[in-house]
Amino acid sequence: MKKKWVLIGLLLVFLFTFPLYSTNYLLHIGIITLMFAFASQAWNIISGYSGQFSFGHAAFFGVGAYTSTVLLVEYNVNPWIGMFIGAIIAAAIAFVLGFLTFRYKLKGAYFSLTTLAFAEILRVFVKNTDFFRKTMGIMIPLDINPFWYQFQTRVGYYYTILILTIIITVIVYLISRSRLGFNLIAIRENEDAAQSLGVRTFKNKMIAITLSGGLTAFAGTFYAQYLLFVKPETVFASDISVSILMPAIVGGVGTVAGPIVGSFIVTPLGELTSQMFSNLAGTNLIAYGVIIIIIILFMPEGVVGRYHDWVNRRKKGNKETQEQKESVTS
Amino acid sequence: MTLLKLEHVTKRFAGLVAVNDVSFSVDKGEIVGIIGPNGAGKTTLFHTISGYHVADEGVIEYKRKNIRGLKPEIICEHGIARTFQIVQPFGNLTLLENVIVGAFNRHKKYSEAKAVAMEMLEFVGMKKRADVRMKDLTFPEQKKVELARALATEPELLFLDEIMSGLNPTEVQEMIEIIKEIRDRGITIMFIEHLMAAVMSLSERIIVMHHGEVLAIGKPEEVKENPAVIEAYLGGAV
């Protein structure tokens, strides 16, 4: 137990001092890594804990990005406020999506495909709507001032996303120890058994997807403010959905640390491959494909899941040797 | 006091009548055994009462409230818990976590739920292994934990669906003692069982089902001598 807190402390020290000794490019990778750690943590609530795999979290990411941007450009609303409005709209959309799918008891691949299609519908809708400036996208006018969610250097963005990631991780940790968290895991493990124990499956899934969608939108707004530009292909595209779900799957679904550990493995690799082969589009997706094959073959429970297993086994081993000793002495 | 009352309950599956015009009532504090040949409709009856199936006809009253058509989770909240014929574990969770899910039915706080779960694990004699994952247990052990999990929801009426099947004679004896203790705690029990020795020693009343219908209801000795029951079980050979 103590060792865990020391580890977390060291990680926090590293993350907070990272800008001091990193290059500008490394900082960019750090920012993207944390951003997808954040989004993956949000994804983790519905998909990791309650086991309803969403392939369409780009929908909520895109809604977050577009809402704050449109509000800023058209109505001069501060992005710090727009961020919350985006989250509310994304949560509302997630609620509707959840209602339509869970009401009709869609599960497994059917649920996943529905979410995928849902994100695609939003992408096509935005792409073809004049109000959202179609495929051109929307530029955010330069106004470098933290008050307007714009920073002089990448350091400001880095600390913003770091704090957001810490907040969401605390939220997920609290959920994991709450009634909601246990209910969600029970639904994932065995829905019939969960019902027999008084778990309101529909209600819990609705809470999870609404929360998950709303939180994902914060990452969308952050991305928009970081690039100062949104367009359908960058925020609604299905490879955003993949980048969101990858960290949790690699790190360990349904664990608090999984999405973060996973993002530090996956996201830099994706960034580096797409950097190295910048003339070839989609090489990061090839890298993701390879990683996913390796993970599914060798540690389907993810890196953190594998670690938990290992700790459990050691504990069990220790206990058994202890019992043996006791039986010998008695 | 009548806890559960069924009146003319019928459940059909595409023309097959699985439960046919079943009526009976269960008093508070009773242990009622349900027996009958395979396919008699015993498990379907449990599913129908606990909300996994919706009865096509009839009335199911629990504490004078109609519970027919309610979802399983709501019925659990009303105070009816159950175990399954084929164990339904949360395999990747530890025993403690499995039981905590049940305890959260009545308790909102993690610490309270954990305390209840620990107590239930101790009750079924599995406290020592609280940190082991459910999927690493043997089948009889899983049955015990499933019982603890159902008890953690703090029910007034408990359904046990063939909880003795697959247990060896020692384990059966243990389970009989556990069930008696549950009854002593004031929980009403209905159980489906094939093991006659267990049924005879535990039940205060027995309901015999055959082809979806209630063939006989009565005290163990009465049922044992009922010609219709002997006919159903032994085909009239004796």
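We name chains A, B, ... by the order of the sequence lines, and we start the count at 1 in each one. Quick caveat, the model's predicted, so the values are computed rather than measured.
For the side chain to side chain contact (heavy atoms under 4.5 Å, CB included) test with A:I185, the passing option among B:L93, B:I100, B:V101 is B:L93; the others fail.
Within a 6.0 Å radius of OH in A:Y110, no more than 12 heavy atoms belonging to other residues, nucleotides or ligands are found. Within a 6.0 Å radius of CZ in A:F84, other residues, nucleotides and ligands contribute 12 heavy atoms or fewer. At most 12 non-hydrogen atoms from other residues, nucleotides or ligands lie less than 6.0 angstrom from OH of A:Y307. For A:F99, the CZ atom is loosely surrounded, since the number of other residues' heavy atoms within 6.0 Å does not exceed 12. B:L16 CG: more than 12 foreign heavy atoms inside a 6.0 Å radius.
At a threshold of 4.5 Å between non-hydrogen side-chain atoms, the residues B:K114 and A:R177 do not count as touching.
Side-chain atoms of A:Q195 do not come within 3.5 Å of backbone N or O of B:K71 as any donor-acceptor pair. The closest donor-acceptor contact from the side chain of A:R179 to the backbone of B:F104 lies under 3.5 Å.
Note that the CG atom of B:N105 and the OG atom of A:S196 stand 9.5 Å from one another [nearest 0.5 Å]. Between the CG atom in B:N92 and the CD atom in A:E301 there is a gap of 9.0 Å [rounded to 0.5 Å].
Looking only at heavy-atom pairs under 4.5 Å with chain B, the residue among A:D309, A:T201, A:L197 that has the most is A:L197. The residue among B:A113, B:G102, B:A150 with the most heavy atom pairs within less than 4.5 Å of chain A is B:G102. Contact count versus chain A (heavy atoms, under 4.5 Å) is highest, among B:K108, B:K109, B:R82, B:R133, for B:R133.
Scanning both residues, B:F84 and A:A193, for their nearest heavy atoms gives CE1-CA, 4.0 Å.
There is no contact between B:I75 and chain A, counting heavy-atom distances below 4.5 Å. Of the atoms belonging to A:S178, it is backbone heavy atoms, and not side-chain ones, that fall under 4.5 Å from chain B. Neither the backbone nor the side chain of B:E146 comes within less than 4.5 Å of any heavy atom in chain A. With a 4.5 angstrom heavy-atom cutoff, B:S50 does not touch chain A via any of its atoms.
When only modelled atom types and interatomic distance are considered, B:Q88 and A:N190 share a side-chain donor-acceptor pair under 3.5 Å.
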(request) Decide salt bridge (Lys or Arg N to Asp or Glu O under 4.0 Å) for B:E73 and A:K203; before the verdict, give the C-alpha distance in whole Å, the side-chain angles of both, and the deciding distance to 0.1 Å. (result) CA-CA 11 Å; B:E73 55 264 41; A:K203 183 180 148 195; over 6 Å; no
